[in-house]
Amino acid sequence: MASPRTITIVALSVALGLFFVFMGTIKLTPRLSRDAYNEMKRAYKSYVRALPVLKKMGVSSILLRKSIGALEVACGIVMTLVPGRPKDVANFLLLLLVLAVLFFHQLVGDPLKRYAHALVFGILLTCRLLIARQPEEQPPEKRILSVNGDEQSLIHEAAPEKGKMKVS
């Protein structure tokens, strides 16, 4: 049976991956929702206007929106389908992307309701990354103790790390 930690990581990975595939697709094409697509176009125009350095670098609102959308779709697919370390890389990239989007929302003075989803998904990405990076808890080691010819099994618990107390 899978550990609760594994189930949590898989559930978060799939849910977050599908969310970012969906949101990235909305930024790239109007096929899913024309209204949401038009809203994204308007929002990214205001981001580029609020940050003139992007305009000086030759980054248009279309390029910014499509780059972020493509990165969200790619990382979302990795989070959903690819096993192992690439999930953590995709998770980290999405977290950086969410931080950038939060910065853009603050820059243009959007109300909280416009970027609350980004806050929530940023927190979920952080939780998933923290859980995934924690070492797996090892089961206690079994040892056989021979006392007067009788073999008895012992469960040897690892000694607490230096500076940490073991609480039962």
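No side-chain donor-acceptor contact under 3.5 Å links R31 to the backbone of T25. Between the side chain of T8 and the backbone N or O of P4 there is at least one donor-acceptor pair closer than 3.5 Å. Side-chain atoms of K87 come within 3.5 Å of backbone N or O of M79 as a donor-acceptor pair.
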Test E39 against R114 for salt bridge (Lys or Arg N to Asp or Glu O under 4.0 Å), laying out the working first.
CA-CA 11 Å; E39 179 60 28; R114 299 250 321 139; 2.9 Å; yes
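Annotation: side chain of R65 is in contact with side chain of I62 (closest heavy-atom distance under 4.5 Å). Residues I9 and R128 meet the side-chain proximity criterion, which asks for heavy atoms closer than 4.5 Å. You'll find the side chain of L16 reaches within 4.5 Å of the side chain of F121, heavy atoms only.
The number of heavy-atom neighbours closer than 6.0 Å to CZ of R42, taken from other residues, nucleotides and ligands shown, is above 12. By the 6.0 Å contact criterion, CZ on R34 is open, its count of non-hydrogen atoms from other residues, nucleotides or ligands being 12 or less. Residue F19 qualifies as enclosed at atom CZ: its count of foreign heavy atoms under 6.0 Å is above 12.
Separation of the Y47 and Y44 ring centroids falls under the 6.0 Å cut-off.
Between H117 and H105, the ring planes lie perpendicular to each other; the angle is over 60°, past the 30° to 60° tilted range.
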